[in-house]
Amino acid sequence: MRTLNLGILAHVDAGKTSLTERLLYAAGVIDEIGSVDEGNTQTDSLALEQLRGITIKSAVVSFVINDVTVNLIDTPGHPDFIAEVERVLSVLDGAVLVVSAVEGVQPQTRVLMRTLQQLRIPTLVFVNKIDRGGAGYDRVLQRISERLVPAIIAMGSAEDLGSRSARYRPFTGDDPGFTSRLVDLLADRDDALLDAYVSNETTVSSSQLRRMLATQTKQALVHPVFFGSAITGAGVDSLITGITEPLPATDGDPDGPLAGTIFKVERGPAGEKIAYARMFSGTVRTRDRLRFRGDEEGKVTAISVFNQGSAVRRPFVSAGQIGKLWGLSEIQIGDPIGVSHTPTSERRYFAPPSLETVVVPGRPTDKGALHLALGQLAEQDPLISLRQDDIRQELFVSLYGEVQKEVIQATLADDFGLDVTFRETTTICIERPVGSGVAVEILHKEGNPFLATVGLRVDPAPIDAGVEFRLEVELGSMPYAFFKAVEDSVKETLRQGIHGWQVTDCTVTMTHSGYAPRQSHAHQGFDKSMSSTGWDFRGLTPLVLMTALKQAGTTVYEPMHRLRLEVPADTVGSILPVLAALRAVPGAPTIRGSWCWLEGEIPAARVHALGRQLPALTRGEGVLESAFDHYQPVRGTVPSRPRSDHNPLDRKEYLLHFMRRV
Ligand SMILES: Nc1nc2c(ncn2[C@@H]2O[C@H](COP(=O)(O)OP(=O)(O)OP(=O)(O)O)[C@@H](O)[C@H]2O)c(=O)[nH]1
Ligand SMILES: [Mg+2]
């Protein structure tokens, strides 16, 4: 049987979880439809999700249509949980992007579509909530083609919009309007079709057109649009046909070389680690020993595979499928299984978290337990990137927003019995080098206490290039392990630049290298005092790199959000001064009737404050939407982050600390 791994993605509240529930019902997996509002859906299974009525974690369920097992992955829409979506992207064969027929295209819809297109993931659009008052058809289609993606085709019409009796009617091949729109769309990317159609319309049959539509959808070139309602079930059968016809189910080779990726990690009732693996090729069996991340190894003690709803125990999981694996205690999200796959943890599709806070235990004696608990949360959500301050012993986590913070607090209380508070949330800035800088320390030369020569040059790189390490010395000039120690240490050191922020968009080139070869006195063992080890390179690299970085100079950048405000027109006068005070830069307002739309930029640090003030300024009617857009140099006082290590720019203190750590 073939498998289709299908993601359901959308802006918050568009109806992903309700649609997932409806699809399971239509496929006969459940007899009763759960409701998000009553907290009894299949995929919002966490207590916190049911309480809040929002999805926090991605969840997998499955159903079978014809000969295809569809694994549905319901994702959260709230931007605070975008990391959950990011991890799922690498395992999808296709996606359904849900758009609300009332709200239309929203900021997160655009962020998601952009990424789906970048990754060439075949995507259908489902316009949901046609039963709700204010639902649109033409207006929504126009917004989709203008603001989301132009290459779309409505697959049917909708009637009685805005009422419980709202219905979806699929177009057929007999509908001349549909056929001509379809030809127009497909011919844009298919010259042969255009020629055939121009010479004789009747030579192209409607089933041929459907096949071509399926082909171009599979290539993520065009996007069929369906309409319906997750609550009344309108349009859902057509969507199911639309899912299995044009989306590519994978069969993969179960006997091929082992390749898979871990996209989710959770803890079972007894605290045991459960890893969700998407297999691309090969088969994993119970009791197999798996290698992942370098030398890490683990034995699979149990497997379950998704089948008609939830996961069931099976002796193996093979190509195309998603399986839950038990027994791999060291495995992490993003780890590849097998040899041929690159770790997905190194890929980034969305902006990283832009906020950070210190988590403070209610009782000082809980510090150890808190560290352990946050460690487990970070295992399930690596972007929390738990960080312990070496000097003051404080625990930092990075965050996307206040809702995520509340969820962390509630999870620590409910699952770990830990009451915590947070220090004020601060923005995470970045540093980029301004110019170039070089530094070198030579083996056996005065002042260099390490048995190593390291020369480094720091150069600025294009925006979003990240950090690249290059060699200008021969790779054969010293043992590979020493180069690796330098590279690892460069990446580690750049986590805290001159002002304490992550340094990015720079190239670090190794310009000098040297080591003391393994030496021993006659008849004696290896003498560490005469021969270089990885320790020497790890110790020296931060000193050289920070000297070069200081020479290059860095600029501190703060994250900026794109902002969209929808407010009663008569309140604009009182909002503008507030925006100015929050350092937001709005564009010209668009006024239609008694409503006003404002778009602009705002520092990420101020979004929450604006959200808090908006209800009072707009009689509770204002709507704020924002999403990360870019980094901007900080004007005025440059913020610096307290270091969590001993600054290599303070040579004496750094050396004292480093030598003591041995
Ligand atoms: N009238 C109507 N309401 C709907 C429809 N689909 C969802 N809703 C309601 O919209 C709200 C949000 O639905 P969810 O299914 O939780 O939306 P979601 O996209 O999963 O939300 P997040 O996962 O939190 O991003 C709930 O109150 C649903 O009852 C629909 O087709 N019609
Ligand atoms: Mg949901």
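Both counts, for ligands and for their atoms, begin at 1 and track the order of listing. These numbers come from the heavy atoms of this one structure, side chains and all, not from hydrogens, waters or symmetry mates. Nothing fancy with the numbering, it's 1 onward along the sequence.
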Trainee: Is the Lys NZ or Arg CZ of R314 less than 6.0 Å from the centre of F306's six-membered ring, within 45° of the axis?
Mentor: no

Trainee: With atoms numbered from 1 as shown, which atoms in ligand 1 lie under 4.0 angstrom from a non-hydrogen atom of V12?
Mentor: 24 (O), 25 (O)

Trainee: Look at ligand 1 and say whether A14 reaches it with a heavy atom at a distance under 4.0 Å.
Mentor: yes

Trainee: Taking the ring centre of each residue, are Y137 and F227 less than 6.0 Å apart?
Mentor: yes

Trainee: For the pair E84 and K264, find out whether any cationic side-chain nitrogen is under 4.0 Å from an anionic carboxylate oxygen.
Mentor: no

Trainee: Distance to the ring centre below 6.0 angstrom and angle to the axis at most 45 degrees; does that hold for R313 and W326?
Mentor: yes

Trainee: Can you tell which of V102, D37, T41, T55 gets a heavy atom nearest to atom 27 (O) of ligand 1?
Mentor: D37

Trainee: Would you call R52-E406 a salt bridge at under 4.0 Å N-O?
Mentor: yes

Trainee: Considering the heavy atoms of S229, write down every atom of ligand 1 situated less than 4.0 Å from one of them.
Mentor: 30 (C), 31 (O), 32 (N)

Trainee: Checking a contact table here: which protein heavy atom is nearest atom 25 (O) of ligand 1, and how many Å away?
Mentor: K16 NZ, 2.9 Å

Trainee: Is any N or O atom of R132, backbone or side chain, closer than 3.5 Å to an N or O atom of ligand 1?
Mentor: no

Trainee: Between the main-chain N or O of V85 and the side-chain N or O of T75, is there a donor-acceptor pair closer than 3.5 Å?
Mentor: no

Trainee: Does any N or O of ligand 1 fall below 3.5 Å from an N or O anywhere on H11, backbone included?
Mentor: no

Trainee: State whether the shortest distance between N or O atoms of I54 and N or O atoms of ligand 1 falls below 3.5 angstrom.
Mentor: no

Trainee: Any side-chain heavy atom of T20 sitting closer than 4.5 Å to one from Q42?
Mentor: no

Trainee: Check ligand 1 against V36 and write out every atom of the ligand that is under 4.0 Å from a heavy-atom position of the residue.
Mentor: 14 (P), 15 (O), 16 (O)

Trainee: Counting heavy atoms only, name the option from D74, I231, D13 that's nearest to atom 11 (C) of ligand 1.
Mentor: D13

Trainee: Looking only at protein heavy atoms, identify the closest one to atom 13 (O) of ligand 1 and say how far it is in Å.
Mentor: S18 OG, 3.6 Å

Trainee: What are the atoms of ligand 1, with element, lying closer than 4.0 Å to any heavy atom of T17?
Mentor: 15 (O), 18 (P), 20 (O), 23 (O)

Trainee: To check your reading of the site, what angle at the Mg ion (ligand 2) do OG1 of T55 and OG1 of T17 form, to 10°?
Mentor: 90°

Trainee: May I ask you to establish whether R87 and F263 are in a cation-pi arrangement, using a distance under 6.0 Å from NZ or CZ to the six-membered ring centre and at most 45° from the ring axis?
Mentor: no

Trainee: Using a strict 4.0 Å threshold on nitrogen-to-oxygen distance, state whether K57 and E49 make a salt bridge.
Mentor: no

Trainee: Look only at interatomic distance and state if L19 has a nitrogen or oxygen under 3.5 Å from any nitrogen or oxygen of ligand 1.
Mentor: no

